[in-house]
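The next block holds one structure in the form of structure tokens; read it before the comments.
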Amino acid sequence: ATTEIYTLSLHDALPILPVLHPAFARRLAQEHVDISHALPLNLASSAWCRCHPSRMDALRVAISAPEGTPYAAGVFVFDVRFPPGFPSAPPSVTLLTTGRGTVRFNPNLYECGKVCLSLLGTWEGKGGETWNAETSTLLQVLVSIQALIFVPTPYYNEPGFESQMGTPVGDHRSAKYAASVREHCVRWAMIDQLRHPAPEFAEVVRLHFAHRRDRKSTRLNSSHPRYL
């Protein structure tokens, strides 16, 4: 897992950050250190981070979704911003991989890029699941996205739908939802990423799919020939 400088492809008009309060700057620096040393990096699921060249409060993150899910091998890109009130307020996280604003990949991921997660204050959660200024971190947010959103049965992330788990109706609807997610993942988080990667992750994307080529090409050829 690496934290490197990136050239903004979507936010190159960001104004220069004003002088930071020392406490804010120290906490941001610690977040950068944590991210650079602790992001997951393995074939099954990885995350990469790029820093804005002049804004400590602006990051971009790419996550390859876990195996065993309809998101497997897909690369999903997020923009991260730390608000002036950080760490009292959580960071904001926006999904950029949305099929150009047409795909809702999960009940917690909207077409507009909104990420619903209790840690971010965008999803209801119990006390221990919400943002804590003393103990919560961006690393925790990113790991939660991998573990709680990129799941094998995303249909059940919709509130109230968990009551259908284990029923014939629930199983059918969940499988249908997962198949649709997988199709969108292949199109937008795999093929489109290869054809039009974010510049700061172009080499990451190339190497990611090169490492997975043999296993994934067989699946793509059999499942989605019209996209190739």
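What you see below is based on every heavy atom in this structure, not just the backbone, and it leaves out hydrogens, waters and symmetry mates.
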Which pairs would a plain distance check flag for residues 173-180, meaning a side-chain donor or acceptor within less than 3.5 Å of a matching protein atom at least two apart in sequence or in another chain?
none

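Note on residues 135-154: no pairs pass salt bridge (Lys or Arg N to Asp or Glu O under 4.0 Å), not counting sequence neighbours. Within the structure, side-chain hydrogen bond (donor to acceptor under 3.5 Å, both in side chains) pairs that include any residue of residues 86-97 comprise Thr97-Gln193 (at least two apart or interchain). Within the structure, salt bridge (Lys or Arg N to Asp or Glu O under 4.0 Å) contacts touching residues 100-109 (residues at least two apart or in different chains) are Arg100-Asp192. Applying the ring pair (Phe, Tyr, Trp, His ring centres under 6.0 Å) rule to pairs touching residues 83-109 yields Phe76-Phe105, Phe82-Phe86, Phe86-Trp131, sequence neighbours excluded.
Leu120 is not connected to Tyr110 by any chain of hydrophobic side-chain contacts under 4.5 Å among Ile, Leu, Val, Met, Phe, Trp and Tyr, and they are in different clusters. Hydrophobic clustering places Leu39 together with Met56 (ILVMFWY residues linked when any side-chain heavy atoms are closer than 4.5 Å, directly or through intermediates). Hydrophobic clustering, with ILVMFWY side chains joined whenever heavy atoms are under 4.5 angstrom apart, groups Val143 together with Leu95. Both Ile35 and Phe24 belong to a common hydrophobic cluster when Ile, Leu, Val, Met, Phe, Trp and Tyr are linked at side-chain heavy-atom distances under 4.5 angstrom.
Listed here is the closest heavy atom pair of Ile145 and Val93: CD1-CG1, 4.3 Å. Closest heavy-atom contact between His208 and Ala73: NE2-O, 2.9 Å. Heavy atoms only, all atoms of each residue included: Leu138 and Pro91 are closest at CD1-CG, 4.3 Å. Contact record, Glu31 with Ser136: OE2-O, 4.2 Å, taken as the closest heavy-atom pair. Listed here is the closest heavy atom pair of Pro152 and Pro70: O-CD, 3.4 Å.
Val204 pairs by the side-chain contact (heavy atoms from CB on, under 4.5 Å) definition with Trp48, Arg50, Phe201, not counting sequence neighbours. Residues satisfying the side-chain contact (heavy atoms from CB on, under 4.5 Å) criterion with Asp171, sequence neighbours excluded, are Tyr156. Judged as a side-chain contact (heavy atoms from CB on, under 4.5 Å), and not counting sequence neighbours, the contacts of Gln30 are Val33, Asp34. Not a single side chain to side chain donor-acceptor pair (under 3.5 Å) links Ser144 to another residue, sequence neighbours left out. Scanning for salt bridge (Lys or Arg N to Asp or Glu O under 4.0 Å) contacts around Arg206 gives Glu203, with sequence neighbours left out.
Separating the CZ atom in Arg195 from the CH2 atom in Trp188 is a distance of 10.0 Å, to the nearest 0.5 Å. To the nearest 0.5 Å, atoms CG (Asp79) and CG (Leu96) are separated by 4.5 Å.
A salt bridge is absent between Arg187 and Glu183; no separation between the charged side-chain nitrogens and carboxylate oxygens falls under 4.0 Å.
Annotation: side chain of Leu59 is in contact with side chain of His32 (closest heavy-atom distance under 4.5 Å). In this structure the side chain of Pro40 reaches within 4.5 angstrom of the side chain of Gln146, judged on heavy atoms. Side-chain atoms of Val80 and Val141, non-hydrogen and from C-beta on, never get closer than 4.5 Å to each other.
Asp57 places no side-chain N or O within donor-acceptor distance of the main-chain N or O of Leu28, the cut-off being under 3.5 Å. Judged by distance alone, with hydrogens and angles left aside, the side-chain atoms of Thr130 form no donor-acceptor pair with the main-chain N or O of Leu119 at under 3.5 Å.
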